[in-house]
Structures are given as structure tokens and as C-alpha cells.
Amino acid sequence: MDWITGWIAANWVECVGYLGTAFTIATYAMKTMIPLRIAGILSSIFFISYGLLNGSYPVVVTEAILLPLNALRLYQMLQLVKSVESVASGNLSLDWLRPYTHRRKARAGEIVFRGGDEATEMFFTLSGRFRLVESGLEIGPGQVLGELGLVARGNLRTQTLECLEDAEFLSISYREAKELYYQNPQFGFYFLDLIAARLIENAERAEARAIAAEERATRAETARQAAE
């Protein structure tokens, strides 16, 4: 061990270079981006130190360019993770979507779309009230509608949407929604979360209706038997 310690003391500048090499190799072994960027930053720091100590200025210039690039990409990845966590907690603001949408109005009693119609767009309610006819669910401002048509078989509407009072909403075509899904991971995670929540809600409502129907049938049978 003494000779190792002595060699390191005598060749500590070379050790700095070897550490840079080790972290460079580590970047190629990383499977995820955040550890890769961290290893890249450490590699640049050691190589810059090695270049300055050894007088190898081309190495210093190269790593001085790579260091801020890796730092920027790391910052962007951390911001993306924060955005995804915000989406998971339901705190996503859809204000940034407005440039991609079209403002529309609906009158009380108007049918916005019918179950079985071809679905080509989704909606974000701004004001007024709507009702999904088949489920009886009322929709107020700040809600997303029509998203299931994007993933439904044949891209068909699953329910009829009726406007209960004069309302205003934003619409975005499925084509634009798909482009945003691939271009913006934040929207992609939001959309997946939205679809999952909607499917769970529909399943819970269907289960509740089935239980209610079974209870009515049981009461009716009990009443029939009592009458006999």
C-alpha cells in the first residue's frame, strides 16, 4: 500500500487525468440521463484541472465547452422531472396550450357531439355547464372533455355532450394533440394521467350503477315474495 500511496503522491496530476477518464467511461455505462450528465460534468471538471496542471490547453478548451452543455442538459432534465411530478399531483397549468387551441361558444341546449360520432378534437371548458347525457355527469369550467375519443377504437365518441347553459370552451384537434404529446413530455404525462383517471372514473360509475341495479332487483324480488 505504501508504494501505491507514494506513486499517487508523485503522480497526482496524472491521477486527476485518470479520474476524468474514469468518469468519461462511466457516461457510456449510464442507462439514465441524469446520472450520465452528472458523470459528464465531473469528467469535464477533472479534465479541465488536468489540462491546466499539465499545460494541455486543447483539452481545457474542449472540456470548457462540454461542461456548460452538460450542466444545461442536467438542469433541463431536473426541470422536466419537477414538471412531471407537478403533473402527477394535478398541478399542471394548461395556459401554455392556448396558442394551439381555437375558442368556441355553445348555446344552452346545443349538442356539442353525440355518442358514436367520429371524434376529431378535445375540449377545455372555460365557462358554462355541460352534461354527459349517458352518464348524467355534469361538467363545469376548467375541465377536459373528449379526450377518450383519441384512444377509443375507431376514434368514436363514447358519450353525448349537451350544453346546459351558454358556455365557452377551447378546442384542439387530435392531430395537434398528438404532435404536442410527442414534442412536450409534460403534456404527454398529463394526457396519460388524464386518460387513466377518466377510465377509472368510468369503471367506478359503471360498477356503482351495476350495484344499484342489483339492489333494486333484490328489493323488487323481496317485495314480490312478500306479496305472495
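Numbers for residues simply follow the sequence, beginning at 1.
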Would you say [X] and [Y] make side-chain contact, with heavy atoms under 4.5 Å?
X: Phe47; Y: Thr62; result: no
X: Thr125; Y: Leu145; result: yes
X: Leu170; Y: Arg104; result: no
X: Thr160; Y: Phe113; result: no
X: Ile34; Y: Leu74; result: yes
X: Leu161; Y: Gln159; result: no
X: Leu126; Y: Pro141; result: no

Do [X] and [Y] land in one hydrophobic cluster if side-chain heavy atoms of ILVMFWY residues count as linked below 4.5 Å?
X: Val61; Y: Leu52; result: no
X: Ile45; Y: Leu53; result: yes
X: Leu67; Y: Phe46; result: yes
X: Tyr174; Y: Ile172; result: yes
X: Met33; Y: Ile41; result: yes

Is a side-chain donor or acceptor of Asp117 paired with a backbone partner of Arg114 at a separation under 3.5 angstrom?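 Here the side-chain-to-backbone pair exists.
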Donor-acceptor under 3.5 Å (Arg157 side chain, Gly146 main chain):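 Pair found, side chain donor or acceptor close to backbone of Gly146.
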Quick check: closest heavy atoms across Gly128 and Ala167, and the distance to 0.1 Å?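 The answer is CA-CB, 3.7 Å.
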Salt bridge (Lys or Arg N to Asp or Glu O under 4.0 Å) between Arg107 and Asp166, worked out: CA-CA 4 Å; Arg107 298 286 187 183; Asp166 291 355; 3.6 Å; yes
Once you round to the nearest 0.5 Å, how far does [atom1] of [X] lie from [atom2] of [Y]?
X: Ile48; Y: Ser56; atom1: CD1; atom2: OG; value: 12.0 Å
X: Glu63; Y: Asn70; atom1: CD; atom2: CG; value: 9.0 Å
X: Phe23; Y: Ser44; atom1: CZ; atom2: OG; value: 11.5 Å
X: Leu137; Y: Gln143; atom1: CG; atom2: CD; value: 8.5 Å

Evaluate the side-chain contact (heavy atoms from CB on, under 4.5 Å) criterion for residues Phe130 and Glu162: first the C-alpha distance (whole Å), next the side-chain angles of each, then the deciding distance (0.1 Å), finally the verdict. CA-CA 6 Å; Phe130 300 85; Glu162 178 186 10; over 6 Å; no
What's the verdict on side-chain contact (heavy atoms from CB on, under 4.5 Å) for Val60 and Tyr50, showing C-alpha distance, side-chain angles and the deciding distance? CA-CA 8 Å; Val60 174; Tyr50 173 77; over 6 Å; no
Aromatic rings Phe169 and Phe123: how do their planes relate, parallel, tilted or perpendicular, breaks at 30° and 60°?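 Geometry flag for Phe123 against Phe169: perpendicular rings.
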Linking directly or through intermediates, with side-chain heavy atoms under 4.5 Å: list the remaining ILVMFWY members grouped with Tyr28, chain and number order.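 Once heavy-atom contacts under 4.5 Å are chained together, Tyr28 still belongs with nothing else.
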Before accepting this row, confirm whether a basic side-chain N of the pair [X]/[Y] lies closer than 4.0 Å to the acidic partner's carboxylate O.
X: Arg131; Y: Glu138; value: no
X: Glu168; Y: Lys105; value: no
X: Glu121; Y: Arg175; value: no

